[in-house]
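After the structure tokens below, expect a handful of questions from me.
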Amino acid sequence: MFSRRNRRPKTPELLQAWQALDEGDVPGALRQLRHGTDDLPLDELALVVARAAESAGFDDLRVASEALAGRAPKAPVLYDFGYACIERGVPHLAIPALREALRQAPDAAGILRELVAAYEREGRHREAVDALVAHESGLLDWPDRYLLVFNAVMAGDLALARRHDARLPDPQEAMWLPARARQRAMLERAAGVAEASPLDTTDLRGWQYVIGGTVLTTLSPYGFDAGMTGRYAWLQDTHDQCLRGLVRLKAVLDAAGADPTSVSLLPDRDSRILGLAAARLLDLPAQPFAPDREDTLVVAYDLTKVADAEQGPETLDRLHERTPGQILHEHASNWTDPPVVTADSATLLHQSATAPWEGQLRAGEDGDVERGAPDGRPEEEIAADILAADATPDEGDGSAPADPVGGLTDFVSAVRDTWLRADRAGLSSAGPVSSSRFL
């Protein structure tokens, strides 16, 4: 058994992580390893990961790390380390090891697929494409060429995706049929939206539709040219924003010719509040969600929170395969940790959002930041406040382009033939800072 007792990393970044482990701070150590690990010495990286894994009780990762730290990095040892990192949710640590393993064993399809999986989880789709293209002569159609098409779409390279999709036969194994259907749906949506949307690196609405089939109704006016391109990071939501989302939702429904006859209320409080406001705005009856109800608008505030409600998991499961005529709208959709169900439309994309009626952060009388008390009034009263709010768009910081309602409805008119009918993929937001895991 190799011993780490007297060994310490020498690289500054890894030494900082080691010192965090000295203090018993495993999360802090992993944060130190979140970025810039691709070119660190693998034996030292494995030394730190082994100690963190031991503290966390991850014996598989500890054993794989100790093997890498204790001997020359050969392909099987590198592969085992990379595989364990992916399984334990740290795929960024797997990438340098798997990349070296593939260099040593360039014909090893299993190593290539694990490297692609790690790149996908990190949203590094262009690098996944590059790895697959570099080994194109040895690719199998399923899964390898399929993975090439998928990652090309996620990287925004539709020309490459279409070229390889044309070479991809239908799978012989039934397990790949859903993946094939989703992939075709993506390319079909891309073709349908081409005339209405540029699908460039800043076209968040266009790529959100291509990747997941969701119509995004508003864009964040903050930090647009700093890489957010319409996404929110941390958001304290407002009644104004909720009303703005509902007004734009109505415009989307009108442009698509959709005519729901009711609003279905989901079981969590946030969604019930917003659903009641939607029902009043659209002049429709509001009813508790029923999975078999047709021609209804299902309104969620944030689908990731529905799961925490009583009967929430069962409700989400029934929303996977929606009844004909059901339209699912989500107000605040998490783009870094997407919900298990993909909405047909969403008001905004966020990393973290606090509803207006939850306890929001504010400056106290002493200047310190404190969290206010939640609004405990009846849901109907809060819904009335939403309808009395101001839907005028937020001017933001001036970095974002204009996003008039007319541009949104033109977009919906262009995609109405593919909206609501193709398979929906539960993936993160597309674009230069997206991240997703497909397989």
Side-chain angles (χ1 to χ4, degrees), residues 1-106 108 110-131 134-135 226-227 336 351 432-435 437:
M1 173 70 70
F2 122 87
S3 175
R4 302 184 311 276
R5 298 292 182 186
N6 298 318
R7 292 187 61 190
R8 294 173 65 86
K10 299 177 181 179
T11 307
E13 299 91 334
L14 294 171
L15 186 57
Q16 289 178 0
W18 191 266
Q19 291 168 345
L21 292 173
D22 285 341
E23 299 169 1
D25 185 6
V26 176
L30 293 178
R31 282 195 298 272
Q32 291 288 340
L33 302 178
R34 189 65 187 86
H35 301 288
T37 57
D38 279 11
D39 299 317
L40 295 177
L42 284 170
D43 60 335
E44 292 189 26
L45 176 64
L47 192 69
V48 175
V49 175
R51 189 177 176 198
E54 184 177 45
S55 298
F58 295 161
D59 287 343
D60 55 337
L61 181 56
R62 175 188 59 78
V63 170
S65 301
E66 288 179 346
L68 178 56
R71 67 188 69 174
K74 298 298 185 182
V77 175
L78 291 160
Y79 174 83
D80 289 344
F81 174 80
Y83 182 89
C85 285
I86 293 174
E87 290 296 297
R88 289 301 183 177
V90 284
H92 59 289
L93 301 180
I95 288 171
L98 291 171
R99 202 165 52 191
E100 172 60 19
L102 188 62
R103 188 192 67 80
Q104 295 182 19
I111 296 176
L112 174 62
R113 290 166 191 161
E114 285 301 315
L115 178 59
V116 169
Y119 279 140
E120 284 185 6
R121 286 196 174 187
E122 288 300 297
R124 294 165 64 170
H125 300 288
R126 171 51 62 184
E127 290 168 278
V129 168
D130 292 343
H135 297 82
T336 56
Q351 286 178 273
V433 292
S434 67
S435 64
R437 170 65 170 161

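Computed from a prediction, not measured in an experiment: that's the story for all the values here.
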Legend entry - Electrostatic pair D22-R51, nearest N-O below 4.0 angstrom: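 Salt bridge present between D22 and R51.
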Legend entry - For Q104, side chain to side chain donor-acceptor pair (under 3.5 Å) partners two or more places apart: E100
Inset, instruction - Go through L115 and H135 one step at a time and tell me if the side chain to side chain contact (heavy atoms under 4.5 Å, CB included) criterion holds. - result: CA-CA 12 Å; L115 178 59; H135 297 82; over 6 Å; no
Inset, instruction - Enter the distance from R124:CZ to D130:CG here, rounded to the nearest 0.5 Å. - result: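 That separation rounds to 11.0 Å.
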Legend entry - CG on D39 to CG on L45, rounded to 0.5 Å: 11.5 Å
Inset, instruction - Go through the steps for E122 and R34 under the test salt bridge (Lys or Arg N to Asp or Glu O under 4.0 Å), then give the verdict. - result: CA-CA 11 Å; E122 288 300 297; R34 189 65 187 86; 2.9 Å; yes
Legend entry - All side chain to side chain contact (heavy atoms under 4.5 Å, CB included) counterparts of T11, not counting sequence neighbours: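 E13, L14, L40, P41, E44.
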Legend entry - side chain to side chain contact (heavy atoms under 4.5 Å, CB included) involving Q351 - partner list, sequence neighbours excluded: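 By the side chain to side chain contact (heavy atoms under 4.5 Å, CB included) rule, Q351 matches M228, A233, W335, T336.
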Inset, instruction - With sequence neighbours excluded, tell me which residues meet salt bridge (charged side-chain N to carboxylate O under 4.0 Å, His left out) with D59. - result: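 By the salt bridge (charged side-chain N to carboxylate O under 4.0 Å, His left out) rule, D59 matches R62.
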Legend entry - Residue list, side chain to side chain contact (heavy atoms under 4.5 Å, CB included) with D25, at least two apart or on another chain: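 With neighbours one apart ignored, the set is A20, P27, R31.
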Inset, instruction - Mind checking the OH-CD spacing from Y83 to E114? Nearest 0.5 Å is all I need. - result: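 One finds 6.5 Å between OH of Y83 and CD of E114.
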Inset, instruction - Decide yes or no on side chain to side chain contact (heavy atoms under 4.5 Å, CB included) for H125 and V129, but give the supporting numbers first. - result: CA-CA 6 Å; H125 300 288; V129 168; 5.5 Å; no
For residues 88-99, which side-chain N or O atoms pair as donor and acceptor with protein atoms under 3.5 Å away, sequence neighbours left out?
unit_1: R88; atom_1: NE; unit_2: D60; atom_2: OD1; d: 3.1
unit_1: R88; atom_1: NE; unit_2: D60; atom_2: OD2; d: 3.4
unit_1: R88; atom_1: NH2; unit_2: D60; atom_2: OD1; d: 3.2
unit_1: H92; atom_1: NE2; unit_2: L33; atom_2: O; d: 3.3
unit_1: R99; atom_1: NH2; unit_2: D38; atom_2: O; d: 3.4

Legend entry - Pairwise salt bridge (charged side-chain N to carboxylate O under 4.0 Å, His left out) hits with a residue in residues 74-86, at least two apart: none
Inset, instruction - Specify the closest pair of heavy atoms between Y79 and A101, including all atoms of both residues, with the distance to one decimal. - result: N-CB, 4.3 Å
Inset, instruction - Name all residues meeting the side chain to side chain contact (heavy atoms under 4.5 Å, CB included) criterion together with Q32; count only those two or more places apart in sequence or in a different chain, and write none if there are none. - result: Q16, A17
Legend entry - Shortest non-hydrogen separation from A69 to L47 and the atoms involved: CB-N, 3.9 Å
Inset, instruction - To the nearest 0.5 Å, tell me how far R8 CZ sits from L21 CG. - result: 10.0 Å
Legend entry - Heavy-atom pair with the smallest gap, counting every atom of S65 and F81: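 Closest pair (atom of S65, atom of F81, distance): OG-CE1, 3.3 Å.
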